[in-house]
Structure formats: C-alpha cells, structure tokens
Amino acid sequence: MSSKVLYAVLSLILAAELQLTSCQERVTSQHDNSSLPVSYSATVLEGGGQVCPPEEQLEMATAIIDEDILNIIRDCPGQVQENPASSCLEVSQCDPQLPSEHYWLTSSNGTAVRVYCDMTRECSCNSASVGGWSRVAFLNMTDPTHQCPPAWREFIEPVRACGRTNDSGCSSFSFSTYNISFSHICGRIIGYQFGSTDAFHSYSDSEFTRIEDPYVDGVIVTHGTEKEHVWTFAASLTEEDLRSNLRFVCPCTNSQSTQSIPSFVGQDYFCETGIADGVSEGEFYPDGDPLWDGEGCGSGSTCCELNGPPFFCKNLMESTTDNVEVRICANEGIRADTPIELIEIFVQ
C-alpha cells in the first residue's frame, strides 16, 4: 500500500476513533459515570441511561469512511486508482472470480493507468494460468471510434482497415506494455489481402534476410529495441497450384511451395491468402477470406491448422517489460499491402 493511501486510511481510522470517543463522552456526561468500559454488551445502564451499543459504533465508524477507501482496505489491488496492481495476473491471483474489465495498473512512470484484463482467456503457451492477461494492444476498425495510428494509412472502403504509408518497406507502431513484466505473449491480428502479396518470397530470394527488413508481405510482431521476434503474419499470393506461382505461395499451401522461412521466425508464423485463384495487382479483397483467421483454406492446404489460428501464443526466453511493435511490411510498392482490421495482443 502506498504512503498516500496509508495516510488516508489512518486518517479515517483516527476520525472514527474521535467519533466513538465523542459518543462515549456524551454518555458519561449524561450519567455521571467517569469510567465506562470500552467493551460492553449491555445497552442500558443502571438507572436507565443509554450507551453507544456495538452496532452503533460500527455504523459510525463505517459511515465516515469513503467507499473507495473501503475498497482499498478490503478488496484486491487494481480496483481503485489509489491502489493499482502491478499486472492483471496479480489481480486474477487475488480473486479468480473477478470479471474481465479495466483495472488500474502501475505504468512505467509510476502513475496508475486503466488496462483491460482478460480474466478467462486460456492461451495455449501458458495453459496452466487461466485469466490474468493484460491487453496491451487493441485496434478494432469495425468500431467507428477507433482510428489508425499516425504511422499507418486508413482504408475507408470497402472496409475500414490500416495499411502501410510508404511505397515499400515497413510502417510500424509501438504499443506500450505499461512496464508490466511478462514472459508470455498471445493475441491475434486479422487483415485483408491487397494486390500481389507473396508471403516470404523476398526472404527466399535473399533480397531481405534480417529481422529489421521487410522479409515478408504481411505483419511482423516484435518486442524491444532489438526487435526480438514474436510472430509473423504472412500473406500469400494465392492457393492456386500453378507452377508459375509456387514462388509466391505459403509453405503450408502445398508440398511444392519453394518458399523458405527465416531462422529467426522458425515455426512462429501464420500464412494465408485472401483469395483462392489468381489475383490482379492493386485490388482489395475484403469480400474474400480474411487473413489469419484460420478459415477458408483450400483442400490441399494445412495453413488453417498451422499453429492453430487465429490466436498465437509464445513463451519468451526471459521476462521483459519491452514495448510491442507491430510492423506492416511489403517488399514492393503500393501493389501489395495487408491492411489490418483487428489487433488484440495480451501479455502475462
């Protein structure tokens, strides 16, 4: 408990004591009794004098204590701004029955911030811990009150989504984790295919090979200034099994795909296409299959089963308080993009 909160609580307790003393002094004065016991069970003195009964003492003590301070005293951290929790996990461990909603957590500069805590989520990489996930990134472009971050451009029609602002490369945005220490990260990103996305083609052709490069047409999630890889969301050209397109399709589309995966990505990726047959450059496919939702894959594809989309989950090598960066990337101009409709990322 902070010194500010402790001072407030002690002040209220002192005020309650003064109220009780005042009550007993009035009784003493009325009945010429200089020595009333502090603890008693009788409510009537000899001669008919009334004293403050225990029930009245309790009512007086609690009536002057503000409800927020009572929450500080009796409830779990995170319920009020004066008593923030260090993470959603701390709140959940205090009372697993608490609902999923916003709680007060301590931010990196020591102030209290409101963070949404998911108290029922069970991510596969940490199934031993149900609930207590802190949501550090949330963007839902189906909600008209949500806007694209400044680093991304907004698609208005035919659906609202956020895409790259540059002709080639990556457009990034960093989400604060509020200085929460975490070693597990899970979430989902839903996007759409725009034009001729070709998944890991630029890496497979040795054009871009570093994690800071646009090695994929899609979205890259990393943490920290060194861009430690968390998850890659790749967008393939098509699921059409044509030899001329095998360089541009997901490795999970069929066994003939010639694409390779960067070693720093490993198996931590999703790869889907928004359309089953050939695509035209510069077309937006909102009516096709949304990317990375785990649905709509072709009969010969295993992409909808790979790593169990739509939610990813990863255990980090060590705990960190790093911010989470989301980059929308492509190795060519405006002919390819993967506009994002939904981002939801949790840490624990």
Side-chain angles (χ1 to χ4, degrees), residues 155 159 161 163-164 168-170 188-209 211 213-221 229 231-312 326-342:
F155 286 74
V159 296
R164 293 183 299 119
S168 63
C170 300
R188 58 177 172 159
I189 294 178
I190 303 297
Y192 291 96
Q193 180 176 347
F194 181 88
S196 55
T197 55
D198 50 24
F200 295 100
H201 173 63
S202 60
Y203 175 82
S204 300
D205 276 10
S206 300
E207 182 180 1
F208 296 107
T209 58
I211 193 168
D213 293 335
Y215 62 83
V216 69
D217 284 358
V219 180
I220 304 168
V221 179
H229 183 260
W231 211 262
T232 294
F233 298 78
S236 171
L237 174 65
T238 179
E239 285 193 339
E240 193 176 52
D241 190 10
L242 297 177
R243 184 166 299 279
S244 60
N245 286 335
L246 291 178
R247 297 181 300 140
F248 309 126
V249 300
C250 298
C252 51
T253 296
N254 57 61
S255 60
Q256 295 178 308
S257 171
T258 60
Q259 291 201 346
S260 55
I261 307 297
S263 59
F264 52 79
V265 172
Q267 292 299 306
D268 296 333
Y269 73 94
F270 295 146
C271 190
E272 292 187 23
T273 182
I275 193 166
D277 52 18
V279 298
S280 299
E281 294 181 355
E283 282 193 59
F284 195 14
Y285 294 92
D287 296 328
D289 178 38
L291 297 171
W292 318 307
D293 63 346
E295 298 180 4
C297 296
S299 58
S301 171
T302 61
C303 294
C304 284
E305 290 77 39
L306 178 67
N307 293 317
F311 276 90
F312 73 89
V326 177
R327 288 185 288 156
I328 308 173
C329 300
N331 67 333
E332 50 190 331
I334 59 174
R335 296 182 304 168
D337 204 351
T338 51
I340 296 172
E341 182 180 70
L342 174 68

**Q** Hey, mind stepping through Leu306 and Gln267 against side-chain contact (heavy atoms from CB on, under 4.5 Å) and telling me if it holds?
**A** CA-CA 9 Å; Leu306 178 67; Gln267 292 299 306; 4.1 Å; yes

**Q** Any side-chain to backbone donor/acceptor pair from Thr232 onto Val219? Under 3.5 Å, distance only.
**A**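 It does not hold such a pair.
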
**Q** Heavy-atom distance under 4.5 Å between the side chains of Leu291 and Phe270, does that happen here?
**A**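 The answer is no, as the side chains (C-beta and beyond) never meet within the 4.5 Å cut-off.
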
**Q** Within the 4.5 Å heavy-atom criterion, are Tyr203 and Thr209 side-chain neighbours or not?
**A**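 Of all side-chain heavy-atom pairs linking Thr209 with Tyr203, at least one is under 4.5 Å.
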
**Q** Do Tyr192 and Phe155 have side chains that approach each other closer than 4.5 Å (heavy atoms only, starting at C-beta)?
**A**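 Heavy-atom side-chain distance check fails, nothing below 4.5 Å.
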
**Q** Kindly say whether Pro214 contributes a backbone atom to a donor-acceptor pair with the side chain of Ser202 at under 3.5 angstrom?
**A**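 Side chain of Ser202 to backbone of Pro214: a pair is present.
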
**Q** Look up atom CD in Glu305 and atom SG in Cys252, then write down how far apart they are to the nearest 0.5 Å.
**A**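 Glu305 atom CD to Cys252 atom SG measures 9.0 Å (nearest 0.5 Å).
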
**Q** If you take all heavy atoms of Ser236 and Val249, which pair is closest and at what distance?
**A**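 Reported closest heavy-atom pair: OG-CA, 3.0 Å.
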
**Q** Could you check whether any side-chain N or O of Gln193 sits under 3.5 Å from a backbone N or O of Gly195, counting only pairs where one atom can act as donor and the other as acceptor?
**A**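 Yes: the side chain of Gln193 pairs with the backbone of Gly195.
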
**Q** State, with a plain yes or no, whether a side-chain heavy atom of Pro262 is found less than 4.5 Å away from one of Phe200.
**A**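 They are in contact (side-chain heavy atoms under 4.5 Å apart), so the answer is yes.
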
**Q** Taking atom OH of Tyr269 and atom CH2 of Trp231, what is their separation to the nearest 0.5 Å?
**A**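 Result: 10.0 Å between the selected atoms.
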
**Q** Does some side-chain heavy atom of Asp293 sit less than 4.5 Å from a side-chain heavy atom of Arg188?
**A**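 When only atoms from C-beta onward are counted, Asp293 and Arg188 do not touch, as no gap falls below 4.5 Å.
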
**Q** Could you tell me the separation between the CD1 atom of Ile220 and the CZ atom of Arg327, rounded to the nearest 0.5 Å?
**A**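 The CZ atom of Arg327 is 4.0 Å from CD1 of Ile220, to the nearest 0.5 Å.
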
**Q** Does a side-chain heavy-atom distance below 4.5 Å link Ile189 with Ile340?
**A**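 In short, these two side chains touch, coming nearer than 4.5 Å.
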
**Q** Write down the atom of Trp292, the atom of Ile190, and the distance for their closest heavy-atom approach.
**A**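 Closest approach of Trp292 to Ile190: O-CD1, 3.6 Å.
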
**Q** On a heavy-atom basis, which atom in Val216 and which in Ala234 lie closest, and how many Å separate them?
**A**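 Nearest pair, atom of Val216 first, then Ala234: CG2-CB, 3.5 Å.
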
**Q** Ring centres under 6.0 Å, that's the criterion: do Tyr215 and Phe208 meet it?
**A**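 Distance test on ring centres: not under 6.0 Å, no.
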
**Q** Donor-acceptor check, side chain of Asp337 to backbone of Arg164, threshold 3.5 angstrom: yes or no?
**A**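 Judged by distance alone, yes, a pair lies under 3.5 Å.
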
**Q** When you compare the side chain of Pro309 with that of Glu272, does any pair of heavy atoms fall below 4.5 Å?
**A**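 Yes, close enough: below the 4.5 Å cut-off.
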
**Q** How long is the span from the CD atom in Glu295 to the SG atom in Cys303, to the nearest 0.5 Å?
**A**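 Interatomic distance, Glu295 CD to Cys303 SG, rounded to 0.5 Å: 14.0 Å.
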
**Q** Are Asp268 and Asn307 side-chain neighbours, meaning at least one heavy-atom pair lies under 4.5 Å?
**A**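 Answer no - side chains too far apart.
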
**Q** Nearest 0.5 Å, what's the SG-CG distance between Cys329 and Asp213?
**A**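 Rounded to the nearest 0.5 Å, the SG-CG separation comes out at 9.0 Å.
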
**Q** What's the separation between atom CG in Asp198 and atom CD in Gln259, rounded to the nearest 0.5 Å?
**A**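 Reported to 0.5 Å precision, the distance equals 7.0 Å.
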
**Q** Can you name the salt bridge (charged side-chain N to carboxylate O under 4.0 Å, His left out) partners of Asp217, sequence neighbours left out?
**A**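 Checked Asp217 against salt bridge (charged side-chain N to carboxylate O under 4.0 Å, His left out); zero matches.
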
